[in-house]
Amino acid sequence: MSKSEMIVQAPGISLGQRRKGRLAELLKTLWSYRVSYLFIAPFMICFILFILLPVIAAVVLSFTHYNSIEPPRFVGWDNFRYMLTQDLILMKHALPNTLTFALIVGPGGYVCAFLLAWLISILPAVFRKWFTLAMYTPSLASLVAMSIIWTPLFSSDRIGYLNHFLLNLNLISEPVPWVTSKDHLMTSMVVVTLWKSMGIGFLGMLAGLLNVNPEMYEAGKLDGIRSRLEEIWYITIPATKPQMLFGAVMAVVGAVQISEIGTVLSGMNPTPEYAAHMITTHTDDYAFTRFELGYATALTVCLLTIVYLAQKLCWKLFGTKEDE
Amino acid sequence: MNLAAKLSGWVPWRRRSKLGRWSPTERVAFVLLVLISIFMMLPIVYIFNHAFKPYQELFVYPPNILVRDPSIQSFIELLASTKTTAVPVTRYMFNSFVVTGLSVTLITLFSAMCAYAISKHQFPGHKVVFGTILLTLVFVPETVAIPKYLVVSQLGIFNTYWGHVLPLVAVPTGVFLMKQFIDQVPGELLDSAKMDGAKEWTLFVRIIIPVVLPAIATIGIIAFQSAWQNTETSISYMQDEEMRTFPFYVETLTSGMANSVARQGALAAATLLLFLPNLIIFLAFQSKVIATMAHSGIK
């Protein structure tokens with residue numbers, strides 16, 4: 001350390017040598033943290049190979065015209081230009097749909113997940129496991145099992161459970177086409193997705209809530225916290241901030257990545273009048289139906305940017321300072 | 001009146017006194033959760049009943065949730081379905097067990113190690129590493145399928161168990177959740193252990209792992225689910241039929257046939273078999289989450 005510092009500070013030494021000194025210093029710092037690098041190595045090797053490299057390749061592909069048969073041809077910003085100016089379906093349906101959907105389902109699912117996790121966490125331990133199982137079931141079951149519950153419920157004829165029920169109550173006079181018309185498909189999708197949204201974010205938050213030291217609640221009571229609401233606001237949320245952030249980011253990611261539900265519910269692809277056309281569905285359409293992989297990856301890069309910005313917002317709202 | 005007295009005499013007094021001690025909030029929570037659970041649990045009830053339905057009940061519309069006339073003919077059909085093929089159904093099952101076991105172990109261990117270093121060691125570049133991991137959290141998996149395929153082929157792990165496991169290990173979610181938990185572990189605890197002469201690995205195994213067990217159990221559940229239901233690696237990276245897994249086999253049961261009526265029974269039985277391990281692992285790991293909060297003495 002001292003030797004390299006001397007070299008850096010000594011006057012009259014050429015730039016090259018000074019650079020060498022700095023490099024040696026850097027290497028030394030890196031070497032002193034070698035254990036840390038060993039710790040991250042197994043994951044990072046897999047991560048770089050199977051995620052980072054493919055993602056970088058995808059970003060590169062987004063600047064090309066590629067149909068998976070001919071070699072990719074570089075086209076510059078053409079894909080993005082086409083996206084902004086000529087892709088009508090994207091601008092009229094996919095983008096607004098994704099945004100509305102994400103704005104309702106993201107925060108909505110997040111609040112539901114937190115409330116349910118909190119309700120479960122205040123119950124005696126005997127019941128917790130079973131309620132957690134119940135809430136997590138929709139995520140545990142496959143999409144097929146899910147559609148079996150919802151398809152007859154939302155069926156557009158008089159036999160459909162929901163229509164039958166509402167007709168009997170005289171709330172509606174004609175069967176409502178819940179999933180086959182463009183007016184209701186979005187609503188149905190939101191309901192189903194909320195039902196399915198108790199995923200990993202919910203589990204993470206529950207684990208965080210159960211990890212809060214009960215003594216903190218007792219201390220809070222002594223300090224004059226009276227209602228449960230105050231308890232949530234002043235103790236629970238600050239104590240589980242990291243898990244809350246995890247839940248928020250997962251909610252955002254989940255809300256944007258939804259693609260199949262609209263197709264499964266309505267039984268059509270594309271969905272009626274593009275009512276449930278999302279950016280992800282749009283990408284699938286270009287990638288696997290038209291084999292325009294260059295444009296499809298450009299779409300994903302665009303989606304990645306949107307989600308990145310949403311994620312930044314989450315960190316602003318829930319993130320802790322680095323030195324805390 | 002008489003009946004009520006009889007009933008209350010019938011209920012064990014222990015439980016009654018426990019209920020009496022519940023606060024109003026807890027009672028409201030309990031009732032609310034019971035109501036929601038009934039609706040949420042429908043898929044489980046459905047999957048169990050569906051597997052035992054005879055053929056005439058499988059196609060009723062709207063579908064019955066409960067089975068009227070249970071039979072095990074679907075399971076017999078599933079076992080018989082591989083009689084004419086070279087690979088028996090048990091081989092697919094065995095592959096699935098190996099792949100899932102390896103994946104769960106490696107995913108939890110690797111992501112815990114990585115999260116520990118990112119959270120507690122201020123090594124140069126730890127912010128960049130974490131930032132990259134977060135950024136890729138959202139990449140739609142389908143679009144990176146082709147580059148991924150090239151990587152796997154370059155590594156020469158086609159038709160090996162590694163080809164199944166390694167792509168699954170690289171899931172950023174685990175590191176993210178684990179880091180959020182490790183952030184809560186006070187640095188003083190680690191420092192005092194270091195003073196007593198503990199090496200990094202000892203710190204990790206003796207202090208970090210026990211404290212973040214809830215996170216590990218949660219990641220375990222997710223890892224199990226993704227590995228057990230994964231068909232992508234079987235389709236893309238395995239050319240040998242012998243190396244493919246059970247979910248892949250289930251997918252082939254009905255696809256490729258002209259009508260979707262054939263083998264629906266076998267499919268129903270297979271869905272149950274696919275679902276059961278998920279359920280068991282979930283219950284086993286989830287009780288870890290609930291049990292550990294008593295042990296993790298720090299906060």
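So that the names make sense, note that chain A is the first sequence line, chain B the second, and so on, each numbered from 1.
Only the side chain of B:Ile221 comes within less than 4.5 Å of a heavy atom of chain A; its backbone N, CA, C and O stay farther away. Residue contact with chain A, scored on non-hydrogen atoms closer than 4.5 Å, involves the side chain of B:Leu155 exclusively. For B:Leu33, the parts lying near chain A are the backbone and the side chain together; criterion is any non-hydrogen pair under 4.5 Å. Contacts of B:Val151 with chain A are made by side-chain atoms alone, with heavy-atom separations under 4.5 Å and no backbone atom involved. If you measure heavy-atom distances from B:Glu200 to chain A, the contacts under 4.5 Å come from both the backbone and the side chain. Proximity to chain B (any heavy atom under 4.5 Å) is restricted, for A:Leu293, to the side chain, taken from C-beta onward. Neither the backbone nor the side chain of B:Leu109 comes within contact range of chain A; no heavy atom of the residue lies under 4.5 Å from a heavy atom of that chain. Looking at B:Phe204, only its side chain comes within 4.5 Å of chain A, counting heavy atoms on both sides. The contact between A:Leu49 and chain B is made by backbone and side chain atoms together, counting heavy-atom distances below 4.5 Å. For B:Val28, no part lies under 4.5 angstrom from a heavy atom of chain A. A:Thr240 touches chain B through its backbone: at least one of N, CA, C or O sits under 4.5 Å from a heavy atom, while the side chain does not. Proximity to chain B (any heavy atom under 4.5 Å) is restricted, for A:Leu206, to the side chain, taken from C-beta onward. If you measure heavy-atom distances from B:Phe123 to chain A, the contacts under 4.5 Å come from both the backbone and the side chain.
In this structure, A:Val59 and A:Leu304 have side chains that are not in contact, with every pair of non-hydrogen atoms separated by 4.5 Å or more. Residues B:Tyr237 and B:Ile157 fail the side-chain proximity criterion, which asks for heavy atoms closer than 4.5 Å. Put simply, the side chain of B:Thr173 reaches to within 4.5 Å of the side chain of A:Met250, judged on heavy atoms. Within the 4.5 Å cutoff, no side-chain heavy atoms of A:Trp130 are placed close to those of B:Gln286.
Taking chain A as the reference chain and counting heavy-atom pairs below 4.5 Å, the highest number among B:Ala217, B:Pro124, B:Ala29, B:Ala215 is found for B:Pro124. Between chain A and the residues B:Val152, B:Val169, B:Leu32, B:Ile222, the most heavy-atom pairs under 4.5 angstrom are made by B:Ile222. Contacts with chain A were tallied for B:Val175, B:Leu134, B:Val171, B:Ile107; B:Leu134 has the most, counting heavy-atom pairs under 4.5 Å. Per-residue counts of heavy-atom pairs under 4.5 Å with chain B were compared for A:Val253, A:Ile200, A:Val307, A:Leu133; the largest is that of A:Leu133. Chain A forms more heavy-atom pairs under 4.5 Å with one residue of B:Leu274, B:Ile219, B:Thr218, B:Ile118 than with any other, namely B:Thr218.
With hydrogens and angles disregarded, no donor-acceptor distance shorter than 3.5 Å links the side chain of A:Ser62 to the backbone of A:Thr297. Listed for the A:Lys196 side chain is a donor-acceptor partner under 3.5 Å among the backbone atoms of A:Pro138.
Taking the side-chain contact (heavy atoms from CB on, under 4.5 Å) definition, one finds that A:Ala57 meets it with B:Pro147, sequence neighbours left out.
Taking the six-membered ring where the residue is Trp, the centroids of A:His282 and A:Tyr286 are separated by under 6.0 Å. Separation of the B:Phe224 and B:Phe282 ring centroids does not fall under the 6.0 Å cut-off.
Here side-chain hydrogen bond (donor to acceptor under 3.5 Å, both in side chains) pairs that include residues 32-52 of chain A, with residues two or more places apart or in two chains, are A:Ser36-B:His121.
Taking a 6.0 Å sphere around OH of A:Tyr308, one finds it holds 12 or fewer heavy atoms contributed by other residues, nucleotides or ligands.
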